[in-house]
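Structure record follows, encoded as structure tokens.
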Amino acid sequence: MPLIEILETRSLTTIQDLGRHGYRQYGVPVSGPMDDVSSRLANYLVGNDENAPLLEFAGVGPVIEFKDPILFSMGGWIRATLNGDPVESWSSHFAEPGDVLDVGTIRSGVYGYIAFSGGIKCAPILGSCSTYVRARFGRPLKGGDKLKINPTVQRFNEVSIPNELLPVPVSEPIRVLLGPDLKNFTEVGISTFLNSEYEVTKHSDRMGYRLRGPKIEHSERGSDILTDALPLGAVQVPANGNPIVMMADGPTTGGYPRIAVVASVDLPRIAQTPPGGKIRFRSIKIDEAQELFRRRERGMAALKKFLQGEIRAFRVNINGENLTIFLEDYE
Amino acid sequence: MLYIKDVGDSAIAIVLGNEIDEKINIKVRAIAKAIEENVRGVEVVSTYATIYVYYNPEKFTYSRILYEIKPYLDVKSISDKGRIVEIPVLYGGDFGPDIGFVASYNSLSVENVIKIHTSSLYRVYMLGFLPGFAYLGGLDPRIATPRLKTPRINVAAGSVGIAENQTGWYAIESPGGWQIIGRTPLKMFNINSSEPTAVLPGDLVKFRAIDEKEFQRIYQEEWKDAPY
């Protein structure tokens, strides 16, 4: 079975797949990638299905030695070298036995992904290979760890994601759905939340992102609620008025009022905002949030087929608007 | 009362109230079970007074998910008494370092704290916060005690504790601020089981005091194939 060896890790580096679903009622969070767009793209680049286990790191990546020929890719804006020569992220590359990949720093964002064709072999815990350190489902990787890669029958080519289709960071406000605990906030408090700039503090990690900015005012109902469920992206506001956004490893329940929940489509953008980065929030309704999500998923599905050679893509300009058209052949 | 609210774009909340109330929680469990058994492709979590239904917005629109769950809102509460789960606990000593404080804070003897803790039947209202962490209702106010001023960095798995008017256990090792009065040799969270927690919402819990010998006997049996 093909093997890689982690020579060195330089930040929290864990194995993730798309998460541990079905156990929230037992207090087990879903975990999974902080940025599922980047992780899925990394997998598509090497011919994997989106749930294949891959590596996630924060800020600075690991040094990896390939013991066997393996097709790999990196998702994220990463400065990396293969045997000392620069190697592009958002592309797949063949590595030969003895090759050393030094995954360096992330140029833009926080989380990066390294995928291997076939996916990392692991023994699933409660149906998933996602690491959840708190409960010792897996553990952070370190130098000396050897990871097996599932053998693949199919041989995939080196491909790249065209520049125009890359998930470029934008500085638009983060879209949220207000509630469910709006009664715990004053009109002023809600207005503060929607009209202020918040900074991501360094106390931000896979459990949650702690933001700092103008304090959000609670109503007489106060800053405690009867313990209740916390969906991914829930924005809690404790007594100190500073919002906390629940992320992949966040607890399934909590006791602070929830002013809003981040729209699924914008979760990767929060995850990729580094400490010191600024966030604003904008309220949208559920129909819009779901339509944005579905539109994104259609785009991801088309991109996957394009990368795996099943469809062709063209860039056209219609009435001044640049569009990408994916063409699928029908029998 | 019953109203439904969207909580983000991938979950809805069916809200039956806003308090710790056994009757409400029985109704919550009945609706949660009915949805779980009948609606495919969703994940159901019940809390004190609310049922959360997590879904994929690519598979269900908001209106579709409302339509899917509607038939189960009217379900009759099962007059289920719930399973009674007995939890053996070795109280005090090294495993219950705070039992002395709980006793003196409430002007009771340690024996009386144990007697009171083991004589109630507690309802499991919900699980959350950490894997296998149970929110129990019914702690006798005579032994209610505030949290530690300084939380411990490490509380061993199986530790049984009290915090304000709550009692429960740490199913996995974790930092924690509860007053630890004892430890159970049972695996309260088990990854090798399809139902990974020792209790489920709706169960009734009784604590039973055991001695060191029985603790070791049960512990060897439970943990012989490695940590959860």
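Quick caveat, the model's predicted, so the values are computed rather than measured. Throughout, protein chains are lettered first and strands after them, A, B, ... in sequence-line order, and every chain is numbered starting at 1.
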Give, as side chain, backbone, both or neither, the part of [X] having an atom under 4.5 angstrom from any heavy atom of chain B.
X: A/Y26; answer: both
X: A/L178; answer: backbone
X: A/Y23; answer: both
X: A/L230; answer: backbone

State, with a plain yes or no, whether a side-chain heavy atom of [X] is found less than 4.5 Å away from one of [Y].
X: A/Q25; Y: B/M126; result: no
X: A/L126; Y: B/P196; result: yes
X: B/Y135; Y: A/T253; result: yes
X: A/K285; Y: B/D6; result: no
X: B/Y52; Y: A/D228; result: yes
X: B/L130; Y: A/R134; result: yes
X: B/F133; Y: A/P251; result: no
X: A/Q290; Y: B/T61; result: yes

Atom group of B/Y62 that falls short of 4.5 Å from chain A, counting heavy atoms: both

Drop me the distance from B/E58's CD to A/R295's CZ, to the nearest 0.5 angstrom. 14.0 Å

Between A/T252 and B/G128 the two heavy atoms that sit nearest each other are OG1-CA, 3.4 Å

Enumerate by number any residue of residues 39-48 of chain B whose heavy atoms lie under 4.5 Å from heavy atoms of chain A; in the absence of such residues, state 'none'. B/E43, B/V44, B/V45, B/T47, B/Y48

